[in-house]
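In what follows, a single structure is set out as structure tokens and then discussed.
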Amino acid sequence: MRKRLQELEESRDYYKTKLKAEKEKSKRYETALKNSEDISEPVKNHSYNLQAIFFCLALKMSGVMSLRCCRSALITFYLHFNIPGKVPCINTIRIWEQKTGYNGLQEKGNEADDYMLIIDESFNIGKQSMLIVLAVNLKTYKFGKSLAHQDVKVVSLNVKPSWKAEDIAKVVEDVERKSYRVKYVCSDGGNNIVKAFENNKIKRVYDCTHALCLLLKKRYKDDSKFISFQKKYTLMNRQNYMGQDRIICPQKLKGKCRFLNIYPIAEWAEKHLNYLQQIEKKKRNAEEQRLYTKLLWLREYQDLVKELVQVSAVLKGVFEILKTEGLDDEQVNLVTKKMELMACPMFLREGILVYLEQNNIKIEGHSRLICCSDIIESFFGKFKYNQKRSPEKGVTIGCLDLVNYGQKIDKTIIKKAMEETKIIDLELWRDKNKLESFNNKRRKLFKKWG
């Protein structure tokens with residue numbers, strides 16, 4: 001107990017000293033800011049000026065900085081340019097960000113424009129499934145590049161334990177009520193999503209990435225040689241990830257993505273097969289002999305590696321056309337010609353032709369279609385990256401920051417979001433989507449037991 005008391009006293013003294021230093025620093029900031037000229041623009045019902053709110057949100061939305069970095073940057077900005085103003089805490093900046101995201105969800109589309117939707121759901125731990133709907137303005141979008149964050153807008157974001165076709169159809173109807181005239185949809189082949197648009201009688205284009213990679217799954221899922229190759233590939237990663245031969249360690253692949261990401265497997269295998277051929281004809285030193293022995297198993301799969309390299313080349317060529325130029329009769333001809341010029345395996349060639357035939361649908365007023373939904377996976381990736389760093393596990397109200405990604409940063413919009421969106425609106429939205437963190441649930445569960 002004496003030892004524990006000593007530790008507590010040392011901890012107390014440390015934090016007292018730290019608190020005193022922070023207070024002195026804050027006094028220096030306040031003194032410097034009071035002596036500066038006030039050029040702030042007020043925001044109704046807010047104690048912080050518009051410049052401070054705009055600066056922090058601009059850093060968070062475009063610079064992808066943390067909340068603490070935004071606060072530190074604002075302090076530096078104030079002191080360097082001799083500008084007065086209050087410095088917000090990170091929770092205040094977080095609320096600003098959530099208000100901007102909530103306001104973005106309430107915005108209406110242009111009734112005179114046509115839109116296409118990209119929709120998908122992401123499963124999370126704790127029986128939470130997030131459904132995101134992105135809208136692309138077909139009047140302003142220009143083909144020639146893949147979809148970027150600035151080309152899309154999050155028009156719906158909802159969280160439920162599971163999503164049935166009826167629930168998804170209702171979400172799409174809510175989007176249409178906000179003046180978004182939906183012409184067609186691009187999505188993966190999830191049964192609930194497919195059925196939802198059949199019920200709504202909205203035409204759907206199958207996402208080319210999922211559709212073509214599903215061909216690889218059908219071809220290699222039960223292939224004994226590919227399964228054997230994959231096991232040795234995985235073993236190679238485990239045995240060399242932390243060892244002295246890290247330079248030949250293959251990339252770790254998630255089980256769910258092994259067919260979506262066939263490129264790194266093919267590239268690694270081809271590169272190291274070429275290395276084997278180079279060093280087998282020369283006198284090898286001890287290190288080269290060790291690497292040679294570890295890579296020798298690749299020779300058994302030379303034919304498979306050659307096929308995987310061909311598949312990767314064909315898919316890259318096809319995706320280069322479909323993801324940037326869209327899908328229409330002209331692009332179908334380009335893809336067909338490209339496959340004729342390349343060594344394309346028969347199963348892949350037939351599958352691609354079937355995909356082109358089934359999804360080259362005709363939409364009134366739009367001859368060329370967007371057929372790739374990769375951009376929505378980028379939104380999910382950003383969310384999961386932030387979720388891992390957050391102490392509050394699960395889907396929380398912080399997911400509203402997804403609405404802000406890639407959007408135009410405008411002072412008028414931010415001021416409107418701050419003045420019109422109330423804290424009660426955020427709380428109601430959180431309660432509607434049942435967004436309670438796991439830590440809060442745990443605290444409630446064990447409250448009676450201290």
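Each residue takes its place number in the sequence, starting with 1. Predicted model only: the values in this text are computed from it and were never measured. Just so you know, these numbers use all the heavy atoms, side chains as well, and skip hydrogens, waters and symmetry mates.
For the pair Lys271 and Trp268, the NZ or CZ position fails the cation-pi test of under 6.0 Å to the six-membered ring centre and within 45 degrees of the ring normal. Because its NZ or CZ atom is not both nearer than 6.0 Å to the ring centre of Tyr184 and within 45° of the ring axis, Lys203 does not count as a cation-pi partner of that residue.
Around the CG atom of Asp410, the shell of radius 6.0 Å holds more than 12 heavy atoms that belong to other residues, nucleotides or ligands.
Evaluation of the side-chain hydrogen bond (donor to acceptor under 3.5 Å, both in side chains) rule for Lys316 yields no partner, not counting sequence neighbours. In this structure Asn285 satisfies the side chain to side chain contact (heavy atoms under 4.5 Å, CB included) test together with Glu287, Glu288, sequence neighbours excluded. With sequence neighbours excluded, the residues that form a side-chain hydrogen bond (donor to acceptor under 3.5 Å, both in side chains) with Arg4 are Glu7. Residues forming a side-chain hydrogen bond (donor to acceptor under 3.5 Å, both in side chains) with Ser228 (at least two apart in sequence, or on another chain): Tyr301. Remark: Lys362 pairs with Asp329 by the salt bridge (charged side-chain N to carboxylate O under 4.0 Å, His left out) rule, at least two apart or across chains. Under the rule for a salt bridge (charged side-chain N to carboxylate O under 4.0 Å, His left out), the partners of Lys139 that lie at least two apart in sequence or sit in another chain are Asp113. Listed by chain and residue number, nothing satisfies the side-chain hydrogen bond (donor to acceptor under 3.5 Å, both in side chains) test with Asp303 (two or more places apart in sequence, or in another chain). Partners of Tyr241 by ring pair (Phe, Tyr, Trp, His ring centres under 6.0 Å), not counting sequence neighbours: none found.
Counting only residues at least two apart or on different chains, the salt bridge (charged side-chain N to carboxylate O under 4.0 Å, His left out) pairs with a member in residues 230-249 are Lys232-Glu300, Asp245-Arg290, Asp245-Lys294. Applying the side-chain hydrogen bond (donor to acceptor under 3.5 Å, both in side chains) test to pairs two or more places apart or on separate chains, those with a residue in residues 370-383 are His149-Ser378, Asp207-Ser373, Thr209-Asp374, Lys323-Asp374.
Of all the heavy atoms in Asn237 and Lys252, the pair that sits closest is ND2-N, 3.6 Å. Of all heavy-atom pairs spanning Asn199 and Ala165, the tightest one is ND2-CB, 4.5 Å. Looking at every heavy atom in both residues, Ser367 comes nearest to Asp328 through O-CB, 3.3 Å. Nearest approach of Ser129 to Pro161, heavy atoms of both residues: CB-O, 4.0 Å. Scanning all heavy atoms of the two residues, the minimum distance from Cys70 to Met65 falls at SG-CB, 4.1 Å.
When only modelled atom types and interatomic distance are considered, Tyr220 and Glu307 share a side-chain donor-acceptor pair under 3.5 Å.
Judged purely by atom type and a 3.5 angstrom limit, Asp151 has no side-chain atom pairing as donor or acceptor with the backbone of Leu147. Looking at Lys153, its side chain does come within 3.5 Å of a backbone N or O of Gly104 through a donor-acceptor pair. Asn433 contributes no side-chain N or O that, together with a main-chain N or O of Arg430, makes up a donor-acceptor pair within less than 3.5 Å. Side chain of Arg94 to backbone of Gly398: no donor-acceptor contact under 3.5 angstrom is found. Looking only at distances, no side-chain donor or acceptor of Asn360 sits under 3.5 Å from a matching main-chain atom of Glu357. Side-chain atoms of Arg204 do not come within 3.5 Å of backbone N or O of Phe197 as any donor-acceptor pair. The backbone N or O of Lys164 sits nowhere less than 3.5 Å from a side-chain atom of Asn192 that would complete a donor-acceptor pair.
Here Ile202 contributes atom CD1 and Lys183 contributes atom NZ; the two are 11.0 Å apart, rounded to the nearest 0.5 Å. Atoms CD1 and CD, on Ile413 and Glu107 in that order, are 5.5 Å from each other to the nearest 0.5 Å. For the atom pair Leu298 CG and Tyr233 OH, the distance stands at 10.5 Å (nearest 0.5 Å). For the atom pair CZ (Phe55) and CD1 (Ile414), the distance works out to 12.5 Å, reported to the nearest 0.5 Å. Rounded to the nearest 0.5 Å, atoms CG (Leu322) and CD1 (Ile370) are 12.5 Å apart. Atoms SG and CZ, from Cys89 and Arg71 in turn, are 7.5 Å apart once rounded to the nearest 0.5 Å.
The existence of a salt bridge linking Glu121 and Lys160 is excluded, since no basic side-chain nitrogen approaches an acidic carboxylate oxygen closer than 4.0 Å. Salt-bridge check for Lys170 with Asp174: failed, with every basic side-chain N at 4.0 Å or more from each acidic carboxylate O.
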Inset, instruction - Tell me, with the steps shown, if Ser156 and Asn158 meet side chain to side chain donor-acceptor pair (under 3.5 Å). - result: CA-CA 7 Å; Ser156 180; Asn158 297 277; 2.8 Å; yes
Legend entry - Check against side-chain contact (heavy atoms from CB on, under 4.5 Å), Leu157 and Trp429: CA-CA 10 Å; Leu157 193 158; Trp429 189 86; 3.8 Å; yes
Inset, instruction - May I have the step-by-step check of side chain to side chain donor-acceptor pair (under 3.5 Å) for Glu270 and Tyr275, ending in yes or no? - result: CA-CA 9 Å; Glu270 183 186 30; Tyr275 175 73; over 6 Å; no
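Just one of Leu291, Ile248, Val305 meets the side chain to side chain contact (heavy atoms under 4.5 Å, CB included) condition when paired with His272; it is Ile248. Shown are Ile132, Ile168, Leu134, Asp188; of these, the side chain to side chain contact (heavy atoms under 4.5 Å, CB included) with Ile119 is made only by Ile168.
Between Phe229 and Lys225 the shortest side-chain heavy-atom distance does not fall below 4.5 Å. Counting only heavy atoms from C-beta outward, the side chains of Asp120 and Phe379 never approach each other to under 4.5 Å. Put simply, the side chain of Leu74 does not reach to within 4.5 Å of the side chain of Leu59, judged on heavy atoms. Counting heavy atoms from C-beta outward, Ile93 and Trp96 have side chains that approach closer than 4.5 Å. Proximity of Tyr115 to Val136: side-chain heavy atoms (C-beta onward) are nowhere separated by under 4.5 Å. Residues Val185 and Val205 form no side-chain contact, since every pair of their non-hydrogen atoms from C-beta on lies 4.5 Å or further apart. Using a 4.5 Å cut-off on side-chain heavy atoms (C-beta onward), Val335 and Leu356 make contact.
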Scan the side chains in residues 336-355 for donor-acceptor partners under 3.5 Å anywhere in the protein, sequence neighbours excluded, and list what turns up.
residue, atom, partner, partner atom, Å
Thr336, OG1, Val332, O, 2.8
Tyr355, OH, Tyr206, O, 2.7
Tyr355, OH, Cys208, N, 3.4

Which atom pairs, donor and acceptor, lie under 3.5 Å between side-chain atoms of residues 399-409 and protein residues at least two apart or in another chain?
residue, atom, partner, partner atom, Å
Asn404, OD1, Gly101, N, 3.4
Asn404, ND2, Glu97, O, 3.3
Tyr405, OH, Asn386, ND2, 3.0
Gln407, NE2, Val152, O, 2.9
Gln407, NE2, Tyr405, O, 3.4

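Remark: aromatic rings of Tyr141 and Phe143 are close, center separation under 6.0 Å.
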